[in-house]
Engineer: 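One structure, pasted below without further comment.
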Amino acid sequence: MTVAITLAGGRLELVRGDITQQAVDAIANAANEALRGGGGVDGAIHRAAGPRLLEELRKRFPDGTPTGTAVATEGYDLPARWVLHAVGPVWRGGAHAEEELLVGAYRSCLRLADELGARSVAFPAISMGIYGYPPPDGARVAVRTVAEHLRGTTQITLARFVLFSEETYDLFTDALTGIA
Ligand code: AR6
């Protein structure tokens, strides 16, 4: 299942699947501030990339990174060359700058991807698992933020959301319909 739209020179795709299997230049991770691995997609990425991923994070980012930002590492055993470790917000009711921080997490990944020269980037639904961001809003923020970047000055020609469940995939499809 794939839906896609073209924006300026870039393609925005939605697919169902596992982000660790994506043969793109960079994949984003839904990490936490400590950057020491975890559950969910973070756990899956660390398992698939191998132990060198954690070694690099420990060495280069001993203090982690704040919510709303991202850092880049190599992809090691993953098909992707780079991993963009983004920290989305924990949902705390909506009055704690959650939307701004979620936008920041996606934008930081997009900026890093451009700095690295990545042309294709895949994203999970950041903050929409354990961190509890409300599903329709999280999908809208994600699609809107990535679409805005593709419409601007960027080398990215493919941005793909890789959604694990059918439910999340359907929410992103609705969000994409909203901006198309
Ligand atoms: N590929 C794509 N999406 C996935 C995969 C996968 N292999 N596995 C899970 N998802 P979550 P968060 C989906 O909880 O809410 C970790 O412990 C999942 O179904 O992974 O940002 C970190 O270390 C959901 O839709 O991330 C942090 O502590 C989405 O990915 C915390 O969880 C995000 O769910 C971050 O929580």
Side-chain angles (χ1 to χ4, degrees), residues 1-3 12-51 53-58 61 63-73 75-80 82-94 96-110 120-143 145-146 158-176:
M1 267 194 293
T2 304
V3 284
L12 199 167
E13 282 184 2
L14 311 180
V15 303
R16 270 200 69 191
D18 177 351
I19 201 160
T20 65
Q21 306 293 312
Q22 300 296 311
V24 287
D25 295 334
I27 63 169
N29 181 15
N32 55 61
E33 287 188 334
L35 298 175
R36 295 295 174 269
V41 71
D42 196 6
I45 288 173
H46 275 265
R47 278 193 299 277
L53 185 65
L54 184 57
E55 273 171 41
E56 181 179 348
L57 286 166
R58 280 189 195 283
F61 308 103
D63 301 321
T65 196
T67 300
T69 70
V71 303
T73 65
Y76 299 102
D77 297 341
L78 289 163
W82 296 290
V83 181
L84 313 169
H85 303 263
V87 186
V90 176
W91 182 259
R92 291 195 288 144
H96 295 83
E98 288 94 334
E99 181 170 335
E100 197 184 314
L101 292 165
L102 188 58
V103 169
Y106 282 107
R107 277 203 190 131
S108 303
C109 291
L110 293 158
S120 52
V121 188
F123 291 92
I126 298 172
S127 281
M128 287 175 63
I130 299 161
Y131 279 3
Y133 206 100
D137 297 336
R140 272 197 294 269
V141 170
V143 167
T145 306
V146 172
L158 171 66
R160 176 183 292 157
F161 285 100
V162 181
L163 293 328
F164 214 43
S165 71
E166 184 158 4
E167 204 185 326
T168 312
Y169 177 84
D170 290 344
L171 287 163
F172 273 73
T173 306
D174 291 346
L176 191 64

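One-based numbering, in listed order, for ligands and for the atoms of each. Side-chain atoms are counted along with the backbone in the values below, which use heavy atoms only and exclude waters and symmetry mates.
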Engineer: So for Gly37, does at least one of its heavy atoms come nearer than 4.0 angstrom to any atom of ligand 1?
Structural biologist: yes

Engineer: Would you tell me which option among Tyr131, Phe123, Trp91 has the nearest heavy-atom contact to atom 36 (O) of ligand 1?
Structural biologist: Tyr131

Engineer: Would you say Val90 and Thr67 make side-chain contact, with heavy atoms under 4.5 Å?
Structural biologist: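 Not in contact.
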
Engineer: Look only at interatomic distance and state if Ile130 has a nitrogen or oxygen under 3.5 Å from any nitrogen or oxygen of ligand 1.
Structural biologist: yes

Engineer: Looking at ligand 1, does any of its N/O atoms fall within less than 3.5 Å of an N/O of Gly129?
Structural biologist: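 For ligand 1, there is an N or O atom that lies under 3.5 Å from one belonging to Gly129.
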
Engineer: With a cut-off of 4.0 Å, which atoms of ligand 1 are near a heavy atom of Asp42?
Structural biologist: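 Listed by number with element, the hits are 22 (C), 23 (O).
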
Engineer: Does Ala80 offer a backbone N or O that forms a donor-acceptor pair with the side chain of Asp25 under 3.5 Å?
Structural biologist: no

Engineer: Using the six-membered ring wherever Trp is involved, compare the ring planes of Phe123 and Phe161 and label them parallel, tilted or perpendicular (cut-offs 30° and 60°).
Structural biologist: tilted

Engineer: Atom 26 (O) of ligand 1: which protein heavy atom is closest, and how many Å away?
Structural biologist: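 The protein heavy atom lying closest is Ala30 CB, 3.6 Å.
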
Engineer: Distance to 0.1 Å, residue and atom name: give those for the protein heavy atom nearest to atom 28 (O) of ligand 1.
Structural biologist: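 For this ligand atom, the closest protein heavy atom is Asn32 ND2, 3.1 Å.
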
Engineer: Atom 5 (C) of ligand 1: which of Thr168, Thr20, Val41 has the nearest heavy atom?
Structural biologist: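 When every heavy atom of Thr168, Thr20, Val41 is considered, Val41 comes closest to atom 5 (C) of ligand 1.
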
Engineer: Starting at CG of Asp77, measure out to OG1 of Thr20 and round the result to the nearest 0.5 Å.
Structural biologist: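 Asp77 CG to Thr20 OG1: 11.5 Å, rounded to 0.5 Å.
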
Engineer: Looking at Ala30 and Pro124, what are the two nearest heavy atoms and their distance?
Structural biologist: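 Of all heavy-atom pairs spanning Ala30 and Pro124, the closest is N-CG, 4.2 Å.
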
Engineer: Which residue and atom name correspond to the protein heavy atom nearest atom 19 (O) of ligand 1, and how close is it?
Structural biologist: Phe164 CB, 3.8 Å

Engineer: Please say whether Ala44 places an N or O atom under 3.5 Å from an N or O atom belonging to ligand 1.
Structural biologist: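 No - when backbone and side-chain N and O of Ala44 are compared with those of ligand 1, no distance drops under 3.5 Å.
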
Engineer: At less than 4.0 angstrom from any non-hydrogen atom of Gly40, what atoms of ligand 1 do you find?
Structural biologist: 20 (O)

Engineer: Let me confirm one number: the OG1-CG distance from Thr73 to Leu35, rounded to the nearest 0.5 Å.
Structural biologist: 9.5 Å

Engineer: Could you tell me the residue and atom name of the protein heavy atom closest to atom 1 (N) of ligand 1, and the distance to it rounded to 0.1 Å?
Structural biologist: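 Protein heavy atom at minimum distance: Ile19 N, 3.0 Å.
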
Engineer: Identify the protein heavy atom lying closest to atom 7 (N) of ligand 1, giving its residue, its atom name and the separation to 0.1 Å.
Structural biologist: Asp18 OD1, 2.9 Å

Engineer: Taking NZ, NE, NH1 and NH2 as the nitrogens, is one of them in Glu166 or Arg16 under 4.0 Å from a carboxylate oxygen of the other?
Structural biologist: yes

Engineer: Please round to the nearest 0.5 Å and tell me the distance separating atom CD1 of Ile19 and atom CZ of Arg160.
Structural biologist: 9.5 Å

Engineer: Just say parallel, tilted or perpendicular for the rings of Trp91 and Tyr133, cut-offs at 30° and 60°.
Structural biologist: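 Judged by the thresholds at 30° and 60°, the geometry between Trp91 and Tyr133 is perpendicular.
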
Engineer: Among all the protein's non-hydrogen atoms, which is closest to atom 21 (O) of ligand 1, and how far away is it?
Structural biologist: Ser127 N, 2.8 Å

Engineer: Compare all side-chain heavy atoms of Met128 with those of Thr168 and state whether any distance is below 4.5 angstrom.
Structural biologist: yes

Engineer: Before signing off on this row, confirm whether Gly39 and ligand 1 have an N or O atom pair separated by under 3.5 Å.
Structural biologist: yes

Engineer: Which residue holds the protein heavy atom closest to atom 33 (C) of ligand 1, what is that atom called, and what is the gap in Å?
Structural biologist: Ala125 O, 3.2 Å

